[in-house]
Protein chains: 2
Amino acid sequence: MIIATIRDVAKRAGVSVATVSAVVNNSKPVSEPLRQRVQEAIEALGYRQNLLARALYTKRTMTLAFLVPSIENPFFAEVLRAVEETAHANNYSVFVGSTNGDRAKVEFYRDRLIALGVDGVLTVLSWDVVSSDLIPALQAYEIPVVGVAGSRTLPNIDCFVSDDFGAGEQAARYLLGLGHRQIAFIGSKDSQTTVLRYEGVKSALSKSDIEPDPSLLITVDGYEEADGSRAVSELIVQNSEFTAVVAFNDVMALGALSAFEDQGFSVPERLSVISFDDTISGYTRPRLTTVVCPKHDLGAKGVAKLLARIEGDDSPPQIHKLPTRILARESTRSPWVAHYV
Amino acid sequence: MIIATIRDVAKRAGVSVATVSAVVNNSKPVSEPLRQRVQEAIEALGYRQNLLARALYTKRTMTLAFLVPSIENPFFAEVLRAVEETAHANNYSVFVGSTNGDRAKVEFYRDRLIALGVDGVLTVLSWDVVSSDLIPALQAYEIPVVGVAGSRTLPNIDCFVSDDFGAGEQAARYLLGLGHRQIAFIGSKDSQTTVLRYEGVKSALSKSDIEPDPSLLITVDGYEEADGSRAVSELIVQNSEFTAVVAFNDVMALGALSAFEDQGFSVPERLSVISFDDTISGYTRPRLTTVVCPKHDLGAKGVAKLLARIEGDDSPPQIHKLPTRILARESTRSPWVAHYV
DNA sequence: CTGAAAGCGCTTACAG
DNA sequence: CTGAAAGCGCTTACAG
C-alpha cells in the first residue's frame, strides 16, 4: 500500500498543502467548498497525518512518559492506569519505562525520551532517578517533569505524594475511635515512609493524651510478608500490652496476621490489625482494614499538572499531599470484650 | 538553552552534516581525525540526535506499542514488565495503551500509533481489539502485529498464548498423582479459557481411565471471588463425592476457600484446591497450589518475534502455546486420610 | 574518505 | 480565504 501524504491530498483536491493542513488541523478558516473537497480527498486516499513530521516543526509530539521503579508493583500499576486514562482523555499517548533501580536504565530513558521529543515526563522519585541527572537533563530541554508517589519529593518540580503523616494519624484515630489505647506499630527500617506514618500515629495518640510507648514500635529490615511475621515475634517478646497493631503495609500485615494466628491470638477478636496501601488487603483472612492511598488520584493529578506545565503554566512548583482514607474491613474491632494481656 | 542540531556540530567541527551523521550512526567509514573533531564538537555542544527527524527519513522510530484490556490487571502488568524489559534490551521504547473493552479507544490507538510511526505492536487479543479493524489497519501500513495472552488467537498473525489445555491436564495430573479420583471443576460461563482448561482436566482424567462426572463441573457467571464462593455452594448441593477442586483462577479459588471454610470443610485436610494464574495465590491461607502461566515468557517472546518481523522475518505466522507449570503450595494434599462424603 | 544537494511529511509566516 | 516558499533536523544516494 502506498501511503498518502499531504501532497497527494492537495493534488487530488486541487488545492495547496497549506489548505489541506488548515483543514486537517482546523487551524485557519477555509471556505466550505474547499474544505469539502479536501475532506473527500482525505477519505478517498485514506490519508493520515504524520505526527512525526508535524512534530519536527511544532515541537509537540503529543506523547508523555511515565517512569517507575517496577511496573508489576500493583501500586504503580494502578498509578499507571490513571496516567494512561488521563493522558488519553487529553489526546496524549504514554511511554512506560521501568528503571528497576538501575542507573544505566535511567540514563537510557533520559537520552531516549529527549531524542523522541516527549512533551513531558512523570516519574516516580526513586533513588536511581533522583541520583541521576535525568531531571536536570529533561529541564535543559524544557521538558516539564513531575514527581509522583513514593514519599520522596524534590523542591524544584511539582510532586504528588500521598500524605503519609496524615495516613498514620488516620489509622491511629480509627483505632482510637474503636476504643484502643495501646497501639503497636510495625514498620521497615530505613523507610522514610515508615517514619512519616509512625509520626502520624504518635501525633494522633498525643492528641488523645496517650503517651506513645516506645516498646510498641518495632522496625525490621525489609517489608515483605516474612518481615511482618518477624516483627510480630519481636513485638510479642516485648511483653508489653497492646490491643491493636498498625502495620506498615498490606504485605507485612499479612505476615503479621499469620504470626498472630500461629501464636493463638485471633484477629480481630483479641487483636485489631490495620495496614496501609490497599493492595492485597482484600484477599487476606480476615480481610484487612487498611488506609487507602490515592493511587488513582496520584496519577491523574500528576498528569493534569504535567499537561498544564506543557501548556505554559509557570507557577512555582508545589508539593501536593493527597489525602488517604480508611477502608474498614474485618481485621479491626473494639477491644472492649477481650484483649491481650 | 539552545538545542544543538547536526548542523551546529558540523559547523563547529568544520565538516559536513553528512560526516556528522556518519559518525553518529556509525554508518560509514570516517577518518580518525574527522571522527575525533566531530566527537569533540558533540561533547562541547551537548548534541543529541533527534530521533523524530531521523525517523522521517528512515521510517524507524525504535518504538513499540503494547495494547492491553486493563493495565492494572496483575497478569498483564507482569506481561508488560517483560515487554518493557525485552524492548529496552533491544534498544526500543514502548507505548502502553489500555483499551478497557472500549472500541473508541481501540480506534484512538489505531490512528495514533500509525501517526506516531511505531515500528510494531503487541496486543492482547481482547474482543474490542479483534472486532475492530486495528490489526488490518496496522498491517496496511506494514506495521507488524503480534497477539499475546488471552486464549484467543488469530490465524494471520503470530500469537503467543499459554497452553490452557495443557494447564488443565497438568492440574488434574497433579491431583491424580496425589491420589485424587473425584475431581470437581469450577469455572466461568462463556469463558473460552474455562473450556480449554476443563478439556485438559477431562483429558487427564480419561487417560487415567476415570470417567469425568458432569455433576462435578460447575460454571457460573463472572470470575471474581464471590463467583467462586457461589460455585462452591452449587457444587455442594450437587451432593456428589469429590476430594479435590480445580478452580478457574486464583481469585475464584479464594472465594472457594472461604466457602469451604464456612461449610466446615478444611483445606487441604478434607479437600484439595488448585487454581490457575499465580496472581494472588501466595497470599491466601492456605496458600494455593496453582498452575503458573508463563506471563514473562509471553511478553518476552512476543516482543522477540515482533522485532524479528520488524527486521524482515516473513515466515508464516504461527501460534505459540507456551507451557505452564505447577507451583505446589499448601492447598493440596493426598486424600488418603479423610475426604468429603 | 568527504560534501553538496535532495528529500522525508509537515506547518507557518508572508504575500496576495 | 488561498498558495508558494522556507524550514523543522535528519539521511542517503551521488559525485568527487
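Computed from heavy atoms alone, side chains included, the values below leave out hydrogens, waters and symmetry copies. In what follows, chains are A, B, ... by sequence order, proteins preceding strands, each numbered from 1.
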Handout entry: Working for salt bridge (charged side-chain N to carboxylate O under 4.0 Å, His left out), residues A:Glu142 and A:Arg60
Key = CA-CA 12 Å; A:Glu142 292 178 350; A:Arg60 286 293 220 84; over 6 Å; no
Handout entry: Watson-Crick and G-U pairing of DNA chain C, under 3.5 Å, as dot-bracket with | and [ ]
Key = |||.||||||||.|||
Practice task
Go through the structure and list residues passing ring pair (Phe, Tyr, Trp, His ring centres under 6.0 Å) with B:Tyr57, not counting sequence neighbours.
Solution key: none
Practice task
Please list, chain by chain and in numerical order, all residues satisfying ring pair (Phe, Tyr, Trp, His ring centres under 6.0 Å) with A:Tyr109, sequence neighbours excluded.
Solution key: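 With neighbours one apart ignored, the set is empty.
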Problem - NZ/NE/NH1/NH2 to OD/OE distance under 4.0 Å, A:Lys105 and A:Asp128 - result: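 Between A:Asp128 and A:Lys105 there is no salt bridge, as every charged N stays at least 4.0 Å from the carboxylate O atoms.
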Pairs under 3.5 Å (N/O, protein and nucleotides 6-9 of chain D):
residue	atom	partner	partner atom	Å
D:dC8	O3'	A:Lys59	NZ	3.0
D:dG9	OP1	A:Lys59	NZ	3.4
D:dG9	N2	B:Ala53	O	3.1

Does OP1 or OP2 of [N] have a side-chain N or O of [X] closer than 4.0 Å?
X: B:Ser21; N: D:dT11; answer: yes
X: B:Ser31; N: C:dT2; answer: yes
X: B:Thr19; N: C:dG3; answer: yes

In whole Å, what is the span from the [atom1] atom of [X] to the [atom2] atom of [N]?
X: A:Asn25; N: C:dC10; atom1: CG; atom2: C1'; result: 9 Å
X: A:Lys11; N: C:dC10; atom1: NZ; atom2: C1'; result: 16 Å
X: A:Glu32; N: D:dC1; atom1: CD; atom2: P; result: 11 Å
X: B:Arg60; N: D:dC10; atom1: CZ; atom2: C1'; result: 16 Å

Exercise for the section: Give a yes-or-no answer on whether the side chains of A:Asn25 and A:Gln49 include a donor-acceptor pair shorter than 3.5 Å. Expected result: yes
Exercise for the section: Answer with base, sugar-phosphate or nothing: what part of the nucleic acid does B:Leu34 contact at a heavy-atom distance below 4.0 Å? Expected result: sugar-phosphate
Practice task
Would you please classify the geometry between the B:His88 ring and the A:Phe108 ring as parallel, tilted or perpendicular, with 30° and 60° separating the classes?
Solution key: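 Perpendicular.
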Exercise for the section: Kindly state each residue pair satisfying salt bridge (charged side-chain N to carboxylate O under 4.0 Å, His left out) with at least one member in residues 47-58 of chain B, sequence neighbours excluded. Expected result: A:Asp111-B:Arg48
Problem - Which residues share a side-chain contact (heavy atoms from CB on, under 4.5 Å) with A:Arg81, sequence neighbours left out - result: A:Glu78, A:Glu85, B:Glu72
Problem - Spacing of OG belonging to A:Ser315 relative to CG belonging to A:Asp158, to within rounding of 0.5 Å - result: 6.5 Å
